[in-house]
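Working notes for the structure below.
These figures come from a predicted structure and were not determined experimentally. In what follows, every chain begins at residue 1, and chains take the letters A, B, ... in the order their sequences are listed.
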Amino acid sequence: MAQISLTFPDGNARSYDAGITPAQVAADISTSLAKKAISATVDGKHWDLQWPIPADASIAIHTMQDEAQANELIRHDLAHIMARAVQEIWPATKVTIGPVIENGWYYDFDRAEPFTPEDLGLIEKKMKEIINKRDEVRTEVWDRARAIQYYTDNNEPYKVELIDAIPGDEPLRMYWHGDWQDLCRGPHLQHTGQVPGDAFKLMSIAGAYWRGDSNRQMLQRIYGVAFTGKEKLKAHLTMLEEAAKRDHRKLGREMNLFHMQEEAPGMVFWHPNGWRIYTTLQDYMRRMQDRNGYVEVNTPQVVSRKLWEKSGHWENYQENMFIVEVDEDHAREKAVNALKPMNCPCHIQVFNQGLKSYRDLPLRMAEFGSCNRYEPSGAMHGIMRVRGFTQDDGHIFCTEDQVESETKTFVSFLAQVYKDLGFEKWRVKLSTRPEKRVGTEESWDKAEAALASGIKAAGYDFEIQEGEGAFYGPKLEFVLTDAIGRDWQCGTLQIDPNLPERLDASYIGADGDKHRPLMLHRATLGSFERFIGILIEEHAGKLPFWLAPRQVVVASITSEADDYVNEVVETLRAAGVRAEADIRNEKINYKVREHSVGKVPVILAVGAREVEERTVSVRRLGEKETRVESLANVTAELATAATPPDLL
RNA sequence: GCUGCUGUAGCUCAGAGGUAGAGCACUCCCUUGGUAAGGGAGAGGUCGAGAGUUCAAUUCUCUCCAGCAGCACCA
């Protein structure tokens with residue numbers, strides 16, 4: 001038997017027979033480790049204790065203390081245990097796939113009857129039974145023909161299809177949890193009893209397309225969460241409850257920011273408080289863009305079909321457009337228009353007026369552009385995904401050589417904006433060439449490289465989303481996360497050589513000839529609607545003072561202070577602070593509670609003492625203590641806090 | 001758009017085949033109270049829309065609309 005050398009994390013190496021399993025290695029080290037071992041990492045790969053190690057390798061044995069590996073195994077085993085439970089309860093159910101995801105797993109089933117919420121309880125109970133049985137987990141490697149035959153015999157067509165889709169003809173790994181079998185890459189635990197029976201929970205049932213293809217069968221997906229211990233599960237569930245309180249839809253109501261109603265699905269009715277945030281943000285963005293060399297324009301909402309035909313949207317985007325037909329009786333001729341779903345074609349129209357010189361490039365054109373898109377009904381989400389929205393849009397007309405430096409400039413600009421708005425964590429994704437695309441490989445190489453080096457030059461890292469680019473060019477996505485961890489693309493930067501071509505944009509070069517500019521689509525916030533939604537969730541409604549729609553409430557403690565309250569409000573307003581009086585006949589406790597719930601950052605309470613001393617009692621949102629300050633000091637302090645960061 | 005669920009007062013929700021309730025919010029009165037809900041009274045609803053079954057439907061059935069979760073979509 002050949003010998004192999006295994007190197008442990010501490011640097012020591014031991015010699016074993018080739019084909020030894022990590023379970024045997026653990027047993028060789030100590031009986032206690034053999035008991036506690038759950039898996040191994042062999043040459044960087046997560047390795048089942050039962051898999052033989054063929055050659056020299058590095059090895060680390062894992063126990064439940066290794067959170068990452070333990071979670072993966074627990075969740076993966078639970079996926080199998082859940083599928084087994086479902087098939088034991090409803091034997092006609094067909095199984096498909098069940099991967100580990102963040103915090104848990106899901107498994108997709110094909111079953112005629114829909115699962116009900118009550119079924120989740122049944123399944124959980126059955127899962128606990130399986131865990132208590134401590135059934136052995138076994139694995140074998142089968143050749144494809146045998147596996148296909150097996151699944152055909154067992155009437156599991158989805159598994160057959162999965163095998164067919166696995167490239168090459170390498171053998172397949174099979175796993176058993178007791179008598180229940182699944183096709184699986186592994187690794188897994190050694191018996192079902194290793195899964196903590198009190199640290200998982202089935203969360204929800206939802207539809208999901210087989211293989212993510214909306215033309216195919218809709219399956220039923222069950223989601224679960226699982227952790228290494230029940231305290232961790234509890235902490236996770238508590239976190240979800242807390243996150244729900246930050247939901248912008250809930251806070252939007254509580255802070256009286258906006259509403260939406262049935263008659264205008266996907267459209268926002270902004271209330272005074274919400275609109276205050278919106279305009280404050282817009283004023284800030286306008287100043288920032290002015291300072292960064294943008295020229296601002298404004299273009300029409302309703303544009304003839306003819307332009308959309310030229311731009312290609314009529315052909316490729318029509319189902320997402322609001323088509324506007326003018327009534328024949330009132331129009332000279334029947335005209336078909338569409339509400340603009342994006343601003344780019346209009347910006348090219350502005351660019352195309354008059355001759356442009358290479359000296360004009362890069363030309364940074366911005367618009368707070370209102371767009372309307374007929375989004376699929378199921379896609380809408382509060383104000384984060386809507387049908388009517390305003391982008392902080394901009395298009396940079398430039399040459400190929402300018403792309404990298406424009407990218408760098410834009411990323412730095414965006415980073416400053418996000419920082420000013422209180423976002424520490426955001427991610428950049430680079431989406432590369434998709435399968436269906438236009439343009440040469442060479443131009444894609446250049447474009448992708450220009451974006452990549454532009455981000456690096458600005459000092460940021462990025463992830464790559466293979467094949468996720470637009471058909472005309474690669475793009476950057478700047479992603480923020482909402483209260484419950486869903487990603488939202490906010491900023492974007494896309495290289496587009498296509499639209500300038502279609503709409504015949506050109507400039508005169510140094511050589512006196514006409515040239516085609518490139519167009520960079522870019523947005524920093526993305527849309528005011530989505531960004532404000534994210535902003536609310538990020539700050540749990542407690543916006544930075546300068547952005548807060550209501551900044552200060554001056555509340556009287558007794559009616560004798562009413563005149564002074566009004567004077568304080570006047571003083572603050574004169575200093576540029578959004579202040580309002582609350583001289584209602586209510587107790588100070590009541591007023592403090594109400595304005596705290598309404599997320600007003602500062603409450604100034606005044607009673608007889610403050611009137612006498614010309615002071616105010618300052619209470620900041622989220623703080624218990626109050627302090628008494630002179631009116632002059634507080635006014636100066638709040639005036640500074642109310643100043644947008646770019647004006648400080 | 002697809003699967004499932006939901007729709008009752010401004011908000012959060014209860015309710016039953018016989019015509020609707022609570023708490024908070026709102027209005028008025030009493031209370032002038034020192035930092036997260038003082039007390040009392042009052043007003044408020046075509047029970048998402050339409051059709052069907054029934055002596056009778058807000059309740060049961062169907063269709064539509066909207067929302068929620070997930071999937072798909074997001075040049």
Side-chain angles (χ1 to χ4, degrees), chain A residues 106 108 111 113-117 119 203-223 247 249-250 253-254 256 259-266 311-313 315-320 341-342 344 373-382 384-387 431 434 436-438 468-473 475 477 484 486 488-489 492 494 496 498-499 521 526-527 530 555-562 583-598 603-610 617-628:
Chain A
Y106 66 76
D108 288 347
R111 172 173 176 245
E113 289 288 301
F115 291 115
T116 66
D119 290 344
M203 300 297 282
S204 61
I205 311 152
Y209 296 109
W210 170 234
R211 316 218 95 201
D213 183 343
S214 59
N215 296 314
R216 306 202 59 181
Q217 175 85 16
M218 174 69 70
L219 305 169
Q220 297 188 66
R221 175 172 297 178
I222 301 178
Y223 285 91
D247 190 309
R249 293 166 296 189
K250 181 175 153 69
R253 208 182 308 113
E254 290 171 359
N256 195 11
H259 85 273
M260 305 177 84
Q261 64 187 51
E262 220 177 284
E263 289 81 353
S311 70
H313 290 92
E315 190 187 349
N316 297 312
Y317 203 67
Q318 196 183 145
E319 60 184 24
N320 285 294
M342 43 201 72
C344 13
R373 297 180 188 172
Y374 189 78
E375 298 285 1
S377 56
M380 263 117 51
H381 180 84
M384 305 263 229
R385 180 92 180 259
V386 285
R387 287 183 175 158
S431 297
K436 280 173 72 178
R437 59 178 180 264
V438 297
E468 294 290 311
F471 73 88
Y472 51 69
K475 66 176 173 182
E477 293 178 21
I484 63 164
R486 287 181 285 218
W488 293 93
Q489 180 200 311
T492 185
Q494 307 183 18
D496 185 1
N498 180 60
L499 206 56
H521 307 263
S527 77
R530 176 173 295 180
S556 58
I557 294 169
T558 73
S559 53
E560 282 161 34
D562 288 359
I583 54 173
R584 289 175 304 171
N585 176 13
E586 293 291 350
K587 291 200 167 152
I588 191 64
N589 290 333
Y590 182 91
K591 295 181 184 182
V592 165
R593 181 188 140 79
E594 187 180 281
H595 299 124
S596 298
V597 168
I603 298 170
L604 301 181
V606 301
R609 273 206 305 276
E610 287 77 11
S617 164
V618 183
R619 186 189 216 276
R620 290 184 182 275
L621 183 58
E623 290 176 14
K624 271 267 181 284
E625 317 77 57
T626 61
R627 72 195 153 86
V628 176

When we call it a touch if two heavy atoms are under 4.0 Å apart, what does [X] touch: a base, just sugar-phosphate, or nothing?
X      : value
A:E477 : nothing
A:G382 : sugar-phosphate
A:K475 : sugar-phosphate
A:Y223 : sugar-phosphate
A:A379 : base
A:Y590 : sugar-phosphate
A:R211 : nothing
A:G212 : sugar-phosphate
A:R486 : sugar-phosphate
A:H595 : nothing
A:A608 : base
A:P265 : sugar-phosphate
A:R619 : base
A:Y209 : base

Nearest to side-chain heavy atoms of [X], which nucleotide of [options]:
X      : options             : value
A:H381 : B:G34, B:A69, B:G70 : B:A69
A:R593 : B:A37, B:C71, B:C65 : B:A37
A:A605 : B:A69, B:G7, B:U35  : B:U35
A:P376 : B:U35, B:G38, B:C73 : B:C73
A:R609 : B:A69, B:G34, B:A36 : B:G34
A:R253 : B:U12, B:C26, B:C71 : B:U12

Any side-chain heavy atom of A:Q494 within less than 4.5 Å of one from A:C344? no
Can you find a pair of side-chain heavy atoms, one from A:H381 and one from A:W488, that are under 4.5 Å apart? yes
Separation of the [atom1] atoms in [N] and [M], to the nearest angstrom:
N     : M     : atom1 : answer
B:C26 : B:G45 : C1'   : 15 Å
B:C73 : B:A20 : P     : 49 Å
B:A69 : B:A56 : P     : 40 Å
B:A66 : B:A25 : C1'   : 25 Å
B:U58 : B:U46 : C1'   : 10 Å
B:A57 : B:A72 : C1'   : 38 Å
B:G48 : B:A43 : P     : 24 Å
B:G44 : B:A22 : C1'   : 14 Å

Tell me: CG of A:N316 to C1' of B:C73, nearest whole Å?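 The answer, rounded to whole Å, is 15 Å.
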Identified pairing partner of [N], criterion: Watson-Crick or G-U wobble below 3.5 Å:
N     : answer
B:G17 : none
B:U3  : B:A69
B:C28 : B:G40
B:U12 : B:A22
B:G45 : none

Can you find a side chain N or O atom of A:S214 that sits less than 4.0 Å from OP1 or OP2 on B:G1? no
Are any of A:R249's side-chain N or O atoms less than 4.0 Å away from OP1 or OP2 of B:C68?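 Answer yes for this pair, as a side-chain N or O of A:R249 is under 4.0 Å from OP1 or OP2.
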Is the number of heavy atoms from other residues, nucleotides or ligands within 6.0 Å of [atom1] ([X]) greater than 12?
X      : atom1 : answer
A:E560 : CD    : no
A:E315 : CD    : no
A:E623 : CD    : yes

Please state whether the base of B:U32 and the side chain of A:S559 form at least one donor-acceptor pair under 3.5 Å? yes
Side-chain donor or acceptor of A:Q261 under 3.5 Å from a matching atom on the base of B:G48? no
Identify the heavy atoms of A:R530 and A:R385 that sit nearest to each other, and give their distance. NH2-CD, 3.6 Å
Closest-nucleotide ordering on RNA chain B, the 5'-leading residue of A:S377 and A:M380: A:S377
Nearest nucleotide by nearest heavy atom, which residue falls closer to the 5' end of RNA chain B, A:Q494 or A:I588?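 Result: A:I588.
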Are the charged groups of A:E254 and A:R249 less than 4.0 angstrom apart, N to O?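 No, A:E254 and A:R249 are not salt-bridged.
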Could you go through A:E625 and A:R627, starting from their C-alpha distance and side-chain angles, then the distance that decides it, and tell me whether this counts as salt bridge (Lys or Arg N to Asp or Glu O under 4.0 Å)? CA-CA 7 Å; A:E625 317 77 57; A:R627 72 195 153 86; over 6 Å; no
